[in-house]
Protein chains: 2
Amino acid sequence: MHASLTMKKIAKELGVSVSTVSRALQNHPRIGAQTTEKVQKLARELHYEPNSRAINFKNKKSYNIGVVLPYLTEQYFSIALSGIEETLAGKGYNMVVMQSRNDYERELAAISSLIRHGVDGILVSMASETYNKSHFNDATHKVPIVFFDRVLKHPKYGAVYGDITKAAFDMVQFLITKGHQNIALLNGPNSLQATTEREKGYIDALRYHSLAINQQYIKNLNLTKEDTILKINELLNLATPPEVILAFHDYIALDAMEVCKQRGLKINQDISFVTFSNLSFCSYLDNPPIATVEQFPGELGSQAARLLLEAIEQPETYVPREIVIEPKLIVR
Amino acid sequence: MHASLTMKKIAKELGVSVSTVSRALQNHPRIGAQTTEKVQKLARELHYEPNSRAINFKNKKSYNIGVVLPYLTEQYFSIALSGIEETLAGKGYNMVVMQSRNDYERELAAISSLIRHGVDGILVSMASETYNKSHFNDATHKVPIVFFDRVLKHPKYGAVYGDITKAAFDMVQFLITKGHQNIALLNGPNSLQATTEREKGYIDALRYHSLAINQQYIKNLNLTKEDTILKINELLNLATPPEVILAFHDYIALDAMEVCKQRGLKINQDISFVTFSNLSFCSYLDNPPIATVEQFPGELGSQAARLLLEAIEQPETYVPREIVIEPKLIVR
DNA sequence: CTGTTAGCGCGTTCAG
DNA sequence: CTGAACGCGCTAACAG
């Protein structure tokens, strides 16, 4: 770690002014050819690199984007993150990542930390425990915010998400046409917008096919394994247990499957599962969920990043808007 | 996005000097109680927040740490990343993440981008395609570098990694005592230090138990699925195919298992697998690898972060060193 | 073509 | 107790 080499030093060395050095380094046309050459030569020899902190300071930009999401160890989010990184990198931005762990306080702390660290904008996938949303309002006075996947729908914010209602509708319809009638829903927590939408699609499809809605078939989960075990047992204990279960995502399905197996049920025979995420390892299972909804998390992240960059780079013309990514039903 | 609120404005508003505002905001003892109160009150009302870019600039610190790793969608790395994030967050640092995708050029670009963005230090898990290491040398003149997991062993760099030789030795010994003799190794690429170490442990254990080394049982993979399929087929086509296969990591084992199944072999009966990572979803498999090595990636990341913070915060006393995390054999 | 000056926002030293 | 002045490194408007 050398003592930092500044333009000042190379200016003194060459007996020219700092601004001449500055201009020579950026090939300013109004600088003499041999002066420019002389400066660039010495800069190269000394391995001069401009101090990015000074430049950021002057430009009021850091070219850093904050990302706040529940867990980066969840494959779904890590794929989204990968999409974000790719898009940002292409535009010269870097990505600062923080996990909320689905906790409101942590989400709050993450956002304020990012702002204090001087990011140019923030991408957020909301924590499931976030009921009070005022911190987003505070933050957006400082930097633009765009939501992805777990979004807050409000004209003030950009948002990129999948059409969960349609996905749920399509999924249930598919199950009905396959002859299933007793279809249960292991849904997410109430705090997530998608939970309501998923339930709506589920109910709409049943109604559309003139099937009764059984409220006992609808369970909201808090995303802990314990709760999943509790709720799947409640379903299995019903007088008429479901034949198919729509699970919020693959890990919920896996935990529920375990319980079924322990109770002597054969997966995809006595009971089947379908899910709302399409994680790669499911293809390695002997009895994977029979259908799943691909939500294209990478695309989600990428589009959100693009929207945020627009907000940052064209603030005058930018209008917060929502982008909907069509999910795709995949039958295995 | 408001026009930025600076100390200057609140100073003018109150008819005091900027330095008074500065001092009042940090509760400087030599400022009058009511002045301090007055300043802090207005600052609160106006939601004043110090401009971190200015502070970073002055302090020559960004409190940002760069992390470069192959793929953040690989669970192993995302767990490491999670450990890094947690440790850094506790010390007020944020984490800037970039993927090398195992590509040398991308790794190079990532490191130089991070330096240009002004990070205070860099954590690296090397790309498998990185044969030329000079960029690390260049980079470390600007900021400290600490390696984790896929390390470059050199006195100049800090490094945190698992004792792969011992892990491989223990694993093979376990298999031998279980009565296995024909043990093959689906190893990583040659560019990774761990590949050599794993092979050494494997060979040492066989020798220790006076078993012959069969070079045909040792395969190096380039981590593509195609190559895995190729090499497992080569093993299965041998006159005496192996009974057990040590796989570099779980995804390699899964791909290899697929091939075995297609060829009519029963997993854990005709042929068994053991692996060098312990990914959560394996517990959901009907026939998971019979044993695995837990390498504690979160701990690896966390320790590397701690080491790097030491390098950053106590540069005078810091001496680059290596920290070895003992892997643990897990029998299922 | 090049040097001087000013300023970005903040902390700190030096005066008073 | 408080203000003025300076400097961090770089860029750019303003003078020559």
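Note: hydrogens, waters and symmetry copies are ignored here, and every other heavy atom, side chains too, is used. So that the names make sense, note that chain A is the first sequence line, chain B the second, and so on, each numbered from 1. Predicted, not measured: the structure shown is a model, and the values here were computed from it.
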Would you kindly give the [atom1]-to-[atom2] distance between [X] and [N], to the nearest whole Å?
X: A/Ile31; N: D/dG16; atom1: CD1; atom2: P; answer: 18 Å
X: A/His28; N: C/dG3; atom1: NE2; atom2: C1'; answer: 13 Å
X: B/Lys12; N: C/dG9; atom1: NZ; atom2: C1'; answer: 14 Å
X: A/Asn59; N: C/dG7; atom1: CG; atom2: C1'; answer: 13 Å
X: B/Asn27; N: D/dT2; atom1: CG; atom2: P; answer: 14 Å
X: B/Leu25; N: C/dG9; atom1: CG; atom2: P; answer: 15 Å
X: A/Gln26; N: C/dC1; atom1: CD; atom2: C1'; answer: 15 Å
X: B/Met7; N: C/dT12; atom1: CE; atom2: C1'; answer: 11 Å

Applying ring-ring contact (aromatic ring centres under 6.0 Å, His included), can you list everything that pairs with [X], at least two apart in sequence or on another chain?
X: A/Tyr161; value: none
X: A/Phe147; value: A/Phe136, A/Tyr157
X: A/Tyr71; value: none
X: B/Phe57; value: A/Phe57

Touch class at under 4.0 angstrom, heavy-atom based, for A/Thr6 against every strand present: sugar-phosphate
Under 3.5 Å, N/O pairs linking protein and nucleotides 3-6 of chain D:
from  : atom 1 : to      : atom 2 : distance (Å)
D/dG3 : OP2    : B/Ser17 : N      : 3.2
D/dG3 : OP2    : B/Ser17 : OG     : 3.2
D/dG3 : OP2    : B/Thr20 : OG1    : 2.1
D/dG3 : N7     : B/Arg23 : NH2    : 2.7
D/dG3 : O6     : B/Arg23 : NH1    : 3.2
D/dG3 : O6     : B/Arg23 : NH2    : 2.9
D/dA4 : N6     : B/Ser19 : OG     : 3.3

Residue pairs passing the side chain to side chain donor-acceptor pair (under 3.5 Å) test where at least one lies in residues 47-57 of chain B, sequence neighbours excluded: A/Asp120-B/Arg53
Pairs where residues 12-23 of chain A contributes a residue and the test salt bridge (charged side-chain N to carboxylate O under 4.0 Å, His left out) is met, not counting sequence neighbours: none
Hey, is the side chain of [X] poking within less than 4.0 Å of OP1 or OP2 on [N], counting only N and O atoms?
X: A/Lys8; N: D/dG7; value: no
X: A/Lys9; N: D/dG9; value: no
X: A/Ser22; N: D/dC10; value: no

Trace of the side chain to side chain donor-acceptor pair (under 3.5 Å) decision for A/Asn102 with A/Glu107: CA-CA 8 Å; A/Asn102 277 333; A/Glu107 183 171 86; over 6 Å; no
Set of salt bridge (charged side-chain N to carboxylate O under 4.0 Å, His left out) partners for A/Glu299, sequence neighbours left out: none
By salt bridge (charged side-chain N to carboxylate O under 4.0 Å, His left out) - contacts of A/Lys58 (at least two apart): none
Closest-nucleotide 5' rank along DNA chain D - winner of B/Lys60 and B/Ala33: B/Ala33
Candidate pair B/His135 and B/Tyr104, rule ring pair (Phe, Tyr, Trp, His ring centres under 6.0 Å), full reasoning: CA-CA 10 Å; B/His135 54 310; B/Tyr104 170 70; 5.3 Å; yes
Under 3.5 Å donor-acceptor, B/Thr87 side chain and B/Arg306 backbone: no
Range-with-range stems for DNA chain D, at least three Watson-Crick or G-U pairs under 3.5 Å: C:1-16 with D:1-16
For DNA chain D, the residues among residues 48-58 of chain A that have a non-hydrogen atom under 4.0 Å from it: A/Tyr48, A/Pro50, A/Asn51, A/Ala54, A/Ile55, A/Phe57, A/Lys58
Any residue meeting side chain to side chain contact (heavy atoms under 4.5 Å, CB included) with A/Ser82, in chain and number order, not counting sequence neighbours: B/Leu72, B/Thr73, B/Gln99, B/Arg101
